[in-house]
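The structure appears right after this line, and notes come after that.
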Number of protein chains: 2
Amino acid sequence: MAPPLQTSAFLSPGLGVHPSRQADLQRCLLCDQRDANLCSGLDKQGLAALAQSSKRLVLPPGTTMVEEGEPAVSFFNVTQGTVKLFKSLPDGRRQITGFADPGQFLGLSPSDVYSFGAETVDTVQVCRFQRPQLEGLLSDFPVFERNLLVAVTDRLAEAQEQMLLLGRKTAKEKVASFLLDRLQAHERAQATAAAHDHDEPAATTEHVASVPMTRIDIADYLGLTIETVSRTISALRREKIIANMENHYIQILAPATLRQIASGQQNG
Amino acid sequence: MAPPLQTSAFLSPGLGVHPSRQADLQRCLLCDQRDANLCSGLDKQGLAALAQSSKRLVLPPGTTMVEEGEPAVSFFNVTQGTVKLFKSLPDGRRQITGFADPGQFLGLSPSDVYSFGAETVDTVQVCRFQRPQLEGLLSDFPVFERNLLVAVTDRLAEAQEQMLLLGRKTAKEKVASFLLDRLQAHERAQATAAAHDHDEPAATTEHVASVPMTRIDIADYLGLTIETVSRTISALRREKIIANMENHYIQILAPATLRQIASGQQNG
DNA sequence: CGACCACCTTGATATAGATCAAGCCAGCAG
DNA sequence: CTGCTGGCTTGATCTATATCAAGGTGGTCG
C-alpha cells in the first residue's frame with residue numbers, strides 16, 4: 001500500500017566495509033552519533049536492528065558514493081567527515097546543493113534512480129543501508145520513520161535558505177553565509193566530541209570554521225567562480241573579519257559583523 | 001517519543017471556511033485530488049478521518065497564508081490554484097522558493113515557527129489541518145505518514161534542481177526551465193480534470209503553459225529582474241519557440257527546442 | 001634537492017544581467 | 001469616453017562578477 005520509498009546510491013559492493021564489525025549488534029549502541037537525527041529515540045532493540053541492517057564504511061577523500069542516473073540502491077548516514085551533493089548540466093557546469101556533515105543522511109531519491117551525485121570531501125565514515133533493509137526499518141520502527149521525516153524537512157528548509165542565497169545575495173553575502181555555516185558545522189562536531197570525551201571539558205574553541213573543501217567546491221556551492229571566492233575571502237581577511245589558520249580552518253574574528261553581512265545588513 | 005513535527009501557518013481563524021461542509025465525512029472521498037500525493041492509498045476510514053481533521057478553505061488572490069516567523073500552527077494541502085512560497089532578506093530582497101500547485105502540501109517547518117512565507121497567486125482552495133490533528137493522522141495512518149515522507153522527498157529533489165538553475169543557468173536557460181515547469185503543471189491539472197469528467201475525453205491541449213503569476217513573481221523565482229524576464233520571453237517569442245495566448249497562458253510551439261535550451265544544450 | 005602538480009591568489013579586461021528611464025496596453029472607475 | 005493604475009515591454013547605460021592571464025605556495029615524488 002505504501003508507495004515505494006526510493007533511496008539512491010552507487011558503490012562497489014563491500015568497498016570499505018569493516019569485516020570484523022559487520023554483525024556487531026552493539027555498534028549503534030556505542031556510536032558517537034547515536035543521538036543524532038535518524039538514530040535518536042530508538043531503544044536497544046531498535047539500535048540492534050539498525051546495526052544489523054547497516055554496514056559501516058570508511059571512504060577516502062574523493063570517493064564517488066552516488067552517481068546521478070544510477071539505480072538508487074543505498075542510503076547512508078554520515079558519522080564522520082563531509083560529503084558533497086551536487087547536480088550537473090551536460091556541459092559540465094555543476095551546482096553543489098549541500099554538504100552532508102556527521103549526523104546527516106543522504107541517498108533518498110524520488111524515483112528509482114538517484115537524482116544527484118555525491119562524493120566524499122575528506123575521509124568519511126558512513127553507515128550504509130540497502131533499500132529493502134531501510135524499508136523494513138521504516139515500517140518496523142515508527143520513531144525511525146518520524147526521525148527521517150524530520151530530517152528531510154530540515155534539509156528542505158536548508159535548501160530554501162540556499163535558494164535565497166543563490167538567487168538574491170551578493171558574492172560577499174554568500175561567502176559570509178557560507179563561513180557561518182561552516183562555523184556551525186565545526187561547533188556541532190566539537191560538541192559531539194566533547195559529549196563523548198568526559199575528561200576534557202571542551203575548551204571553548206574560539207569561533208573556528210571547518211572548511212575541508214576546495215575553492216572549486218565552495219564556488220560551485222555558492223554559484224560563483226573560484227576567483228571571486230578567493231578575492232572575497234581575501235577582502236574579509238583584509239577587513240580583519242576573519243583570519244587564516246592551518247590548512248582547512250578559518251578563524252572568525254568578528255562573528256557579529258559576519259552575521260550582519262550574511263543577512264544583507266552591512267556592506268563593509 | 002517521536003520528536004514534535006512542526007508545521008507552519010498563519011491565518012485568521014475561520015477565514016474562507018465553507019461552514020456547510022466542515023463536518024462532511026464524504027468530502028475527502030469525493031475530492032478531485034483524492035489520489036494526489038498525501039491523500040492517496042487511504043481507505044474509507046482514513047478518508048473520513050482526514051475529512052474530520054481538516055477544513056476546506058477558499059482564498060482570494062494575494063491572501064497571506066503563512067508569514068515567516070509566526071507560530072507554525074497550520075498545514076495545508078492545495079486542491080485548486082497556485083500558492084507561492086518565499087523567503088526574504090531584511091532589505092526586502094525576496095526569493096520565491098517554489099509554487100505549490102494542486103496536489104501539493106505546504107506548511108511543514110523544522111521549528112515551531114514558520115521558516116518561510118506563503119501567499120496565494122490566484123484563487124486557491126486548500127484543506128487546512130491544525131498541527132495536533134496532523135500529528136494524530138500521521139500516527140494513526142502509516143500510509144499518510146509515508147505519503148508525506150515521499151512528498152517532502154519530492155520537494156527536496158525539486159529544490160535541488162532549482163539550486164542548479166539559480167546557481168548555474170543563464171537567464172535564457174532559467175526562463176526556458178520555468179516555462180517547461182509551468183507546462184507540466186498545466187498538463188497535470190488537465191489530466192486530473194479529465195479523470196473526473198468522464199464525458200469529455202480531454203482534447204489533448206497543445207502544449208500550453210499555465211502562468212498565473214506576475215513577472216515580479218517569476219523574476220523572484222528565477223533570481224532575475226522583471227526586465228530580464230520580459231526581454232527573455234520576448235526573445236523566445238521572436239524565435240517562434242513560444243507564442244502568447246490569452247492573459248495567463250503561453251503556448252509552447254517548440255517544446256523540444258525549449259527542453260534543449262533549459263538543459264544548456266542550445267543557445268538559440 | 002629540484003621540479004612538478006594541485007590549489008590558490010591577484011590583476012586586467014569583458015560581459016550578462018542589473019539599473020535607470022520611457023512609454024505602452026488593458027481593465028476599471030468615474 | 002477619459003483618465004488612472006498596475007503590469008508589461010523596450011531602450012540606454014552601468015556594474016558585479018565572469019573570464020582571461022600570470023604568478024605564488026606547499027606538498028610529494030623521483
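Residue numbers begin at 1 in each chain, while the letters A, B, ... track the order of the sequences.
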Quiz prompt | Salt bridge flag under 4.0 Å for residues A:K87 and A:D220 | solution = no
Quiz item: Could you state the CZ-P distance from B:R231 to D:dG7, rounded to the nearest angstrom?
Solution: 19 Å
Practice problem: Answer yes or no: does a side-chain N or O of B:S234 lie under 4.0 Å from OP1 or OP2 of D:dT10? | Solution: yes
Quiz item: Base, sugar-phosphate alone, or nothing: which one does B:I233 contact when heavy atoms must sit under 4.0 Å apart?
Solution: nothing
Quiz item: In whole Å, what is the span from the CG atom of B:L224 to the C1' atom of D:dC8?
Solution: 16 Å
Exercise. Please report, rounded to the nearest Å, how far the P atom of D:dA18 is from the NZ atom of A:K172.
Key: 16 Å
Quiz item: Between the side chain of B:T120 and the main-chain N/O of B:L59, is any donor-acceptor distance below 3.5 Å?
Solution: no
Practice problem: Write down the distance between CE (B:M245) and C1' (D:dC8), rounded to a whole number of angstrom. | Solution: 19 Å
Self-check item: Carboxylate-amine/guanidinium proximity below 4.0 Å for B:D122 and B:K84
Solution: no
Exercise. Respond yes when some side-chain nitrogen or oxygen of B:T228 is under 4.0 Å from OP1 or OP2 of C:dA18, and no when none is.
Key: yes
Exercise. Identify which nucleotide among C:dC8, D:dC8, C:dA21 has an atom closest to any side-chain atom of B:R215, counting heavy atoms from C-beta outward.
Key: D:dC8
Quiz item: Given atom CD of B:E227 and atom P of C:dG23, what is their separation to the nearest angstrom?
Solution: 16 Å
Quiz item: Would one find a side-chain N or O of A:R237 under 4.0 angstrom from OP1 or OP2 of C:dT9?
Solution: yes
Exercise. Take the protein atom CD1 of B:I226 and the nucleotide atom P of C:dG23, then report the distance between them rounded to whole Å.
Key: 17 Å
Exercise. Inspect the contact between A:K172 and A:E239 and indicate whether a charged nitrogen and a carboxylate oxygen are less than 4.0 angstrom apart.
Key: yes
Exercise. Establish, from distance only, whether the side-chain atoms of A:R259 and A:Q265 form a donor-acceptor pair under 3.5 Å.
Key: no
Practice problem: Describe the nucleic acid contact of B:S230 in one word from base, sugar-phosphate, nothing, applying a heavy-atom distance below 4.0 Å. | Solution: base
Quiz item: Start at the 5' end of DNA chain D and walk down; is the nucleotide closest to B:N244 or to A:G223 reached first?
Solution: B:N244
Quiz item: Rounded to whole angstrom units, what separation is found between the CG atom of B:L222 and the C1' atom of C:dA16?
Solution: 15 Å
Quiz item: Nearest-Å distance, CG (A:N247) to C1' (C:dC7)?
Solution: 11 Å
Quiz prompt | A:T214 side-chain proximity, nearest of C:dC8, C:dG11, D:dT10 | solution = C:dC8
Quiz item: Considering heavy-atom distances to DNA chain C, does A:H248 or B:T225 have its closest nucleotide positioned more toward the 5' end?
Solution: A:H248
